[in-house]
Asks: 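Handing you this structure, nothing more for now.
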Amino acid sequence: MFQVRIHGRGGQGVVTAAEMLSAAAFDEGRHAQAFPSFGSERTGAPVVAFCRIDDREIRLREPVMEPDALIIQDPTLLHQVDVFSGLKRGGYILINTGKSFAELGLGDYVRDWPAERLCTVPATEIALRHVARPMPNVPLLAGFAAMSGLIRLESVCKAIEERFAAKLAAANIAAAEEAYRIVKDEVKETLHA
Amino acid sequence: MLKQTEGSRAVAEAVALCRPEVICAYPISPQTHIVEALGESVKDGTLTSCEFINVESEFAAMSVAIGASAAGARSYTATASQGLLFMAEAVYNASGLGLPIVMTLANRAIGAPINIWNDHSDAMSMRDSGWLQLFAETNQEAVDLHIQAFRLGEELSMPVMVCMDGFILTHAYERVDMPSQAQVDAYLPPYVPRQVLDPAAPVSIGAMVGPETFMEVRYLAHAKQMQALERIPQLAAEFKQIFGRDSGGLTHTYQAEGAETMVVAMGSVLGTIKDVVDEMRADGHAIGVLGITSYRPFPLTAVRAALKSAKRVVILEKSLAVGIGGILSTDVRMALSGLHLHGYTVIAGLGGRSITKKSLHGLFRQAEQDALEHTTFLDLDWNIVNKQLERERQTRHSGPVAENLLRDQGVVAAKIG
C-alpha cells in the first residue's frame, strides 16, 4: 500500500487533489481511498487530505500517519505544522515553491534522502499562468506523477476532465503538462548528477 | 458499474435509483453532500417524478416526510447529530404511525461540546424509537443498504435508518459498484402503502389511543421488528441474486473460526479491525470479528451463535452511555446471558478520535491476557483528565470544562492523527 499525505490551506484544493489522485489511480485499475482530515475547513486554515493506493481493497480507516509521500501545497506550513510527522525515511517530498530544499531550511532534514525524491515546482505560478487562479493542486498532482511514477500523466488528465468543465479542464491540463515536464527534468538532472 | 466516487454522492445516486417521490432536506454536516447531490439531480431532470422540498428545520424535514409518506409517496430524508435530536418527536411519530420513510444518518457526535466529527451517539439516541437501524461498513454497503432499506421498510410498513459514519464514509472517495436502474427496479417494486391519505377515500391517521389499546399498538411495532429479523437475511440473499454481492444481513463474521477472542463492532471501524486481525492471525493469535449490520432489530440469536465458542468478547463501540458505559455492549451482553466468557467494553473514537491499528494491536493483546478493565476508554489522555479533576479539587470556580481542556491541550492544528 502506498500512502500520500497532502498539506495545504483551506481554499487551495487540498481535498480535491486527494480525490483526483484516487480517481487517477482507480483509472489505472487500482484500489484507492481518498479522504480529508475531517476538520472544519476554513479559507486559510491548515488542511490535510490523504490518499491510499493499493492493488487490493483498502479497509483501513485511520489517518495516514506514516506516509510514503508528502505533497506540500503551501511552504508557509513548514514552520507552522509538523508536516513531516511520520514520513518514511527516504519518502517522496514535493513542495510548491521556486526555492530549493536548502533555501527552505530543510537541508539538514533531508541530508540522507535520495535526491530524486526531493522535488519542488512553482505550482501556484503555473496555475496563475494557465488557469488564472492561485490553485496549486493540479500542477502538484502532475508533478507527483512525474516524481513518483505511481500514476501516469494521462490518468491525471483524465481525472481533470472528469472534475472540471471543458474550458477549465483544458487550462488545468496545460498547467499539469508544464508541471510534469518541470519535475521530470528535475528528476532526470538529479539522476545524471 | 465500477466508479471512484464520494460516499455521499454514491448514496445520493442509490437513493435516486430507488425512485423516491418526495425528498425533504435540511443541511447539517456531514450529511449535506447527500441531499445536495439529490437536489441537483431533481433540478437537472435526472431524477424525475420527485419533489425536492427545502424545509426550515430537521423537525420540519421529518414532519414533511411523515405527511408525504402518509399520502402514499416513497419518502426520503437525511440528517445527523443534533439534527436527529431536533426531529426526535417526529422520528417517534414516523415509526409509531408505521410509515416506511428511509433516512440516512451520517453518524456524528452530539454536543455539548459541539463537535462535527464521527461517532455513533446520534444513532444510539434513537435506538428505541421504533426505527430499524442498519449500519454500513463501507460506501458499497451504504449504497446497497439504502436499496434494501426501501424494500424492507415498505414491506413491513416501518421506517428504516441507514447509518454511515460521518466523514469517514460520507466524505471518502473509494471504489463503488453502482447498480443499474434495471437491477434496482427488479429488486424494489413500486410502493404500495398499507394506509394512505386519499380525499376519495378519507381516513384519519394518528388517532389518540388510550390505555385499552396503546400496549397492543406498541407490541405490534415490536412484532414487526421481530419479523424483520427473518426478512433481513432473506432480502440480503435476494439482493445477492440480482446484484451479485453479499451486502446487508444481520451480522457478518470474519476470521471467526477457532477464535478465542472475538471483537464486536459496527460501521467503518470494522475495516481497520479486520486489518489488525489479519496481522494478528498471521502471528498465530486466535482472534476474529463479529460485525453487526442490523442494530435494530438486534439479532440476539445470531450474535450469541457467533460468540458462544469464544473465550472472551471485546465490544468496541463509538458511543458512551454516561453513567454506565457501553450501549452496544449492553445488548451484546444480553445475547450472551448464561454463557461464561469474559466481556470487555471498549469506548473508542468519540467525537472523531482516530482509532488506529497501533492502538487496536495493543488493546487486543491486552484482552487476550484478560488484562482489560470491564470498561476501557481507548487512547484516553489521562493527563488532561487528571489535570481537570485536580483543578476542580483546588478551586470551586474551576470554569468551563471544554475550554479548560482545550487550553491544556495546546495547539491542535499541528497534529496529524
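Proteins get letters first, then strands, A, B, ... in listed order; numbering begins at 1 in each.
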Asks: Kindly assign one of parallel, tilted or perpendicular to the pair B:F135 and B:Y295, based on the angle between their ring planes and the thresholds 30° and 60°.
Replies: perpendicular
Asks: With a 4.5 angstrom heavy-atom cut-off, is it the side chain or the backbone of B:T138 that approaches chain A, or both, or neither?
Replies: both
Asks: Using a 4.5 angstrom heavy-atom cutoff, name the option from B:E6, B:K357, B:E137 with the most pairs to chain A.
Replies: B:K357
Asks: Which donor-acceptor pairs under 3.5 Å do side chains of residues 164-171 of chain A form with protein atoms, sequence neighbours excluded?
Replies:
none

Asks: Measuring heavy-atom distances to chain A, does B:D278 have an atom under 4.5 Å in its side chain, in its backbone, in both, or in neither?
Replies: side chain
Asks: Should the ring pair B:F239 and B:F243 be called parallel, tilted or perpendicular, given that the plane angle runs from 0 to 90° and is split at 30 and 60?
Replies: parallel
Asks: Counting only heavy atoms closer than 4.5 Å, note whether A:E162 contacts chain B via side chain, backbone, both or neither.
Replies: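 No part of A:E162 comes within 4.5 Å of chain B.
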Asks: In chain order, what residues pass the side chain to side chain donor-acceptor pair (under 3.5 Å) check against A:E178, with sequence neighbours excluded?
Replies: A:R129, A:H130
Asks: Using the six-membered ring wherever Trp is involved, compare the ring planes of A:F2 and A:Y92 and label them parallel, tilted or perpendicular (cut-offs 30° and 60°).
Replies: tilted
Asks: Non-hydrogen atoms of chain A under 4.5 Å away: do they reach the side chain of B:L2, the backbone, both or neither?
Replies: both
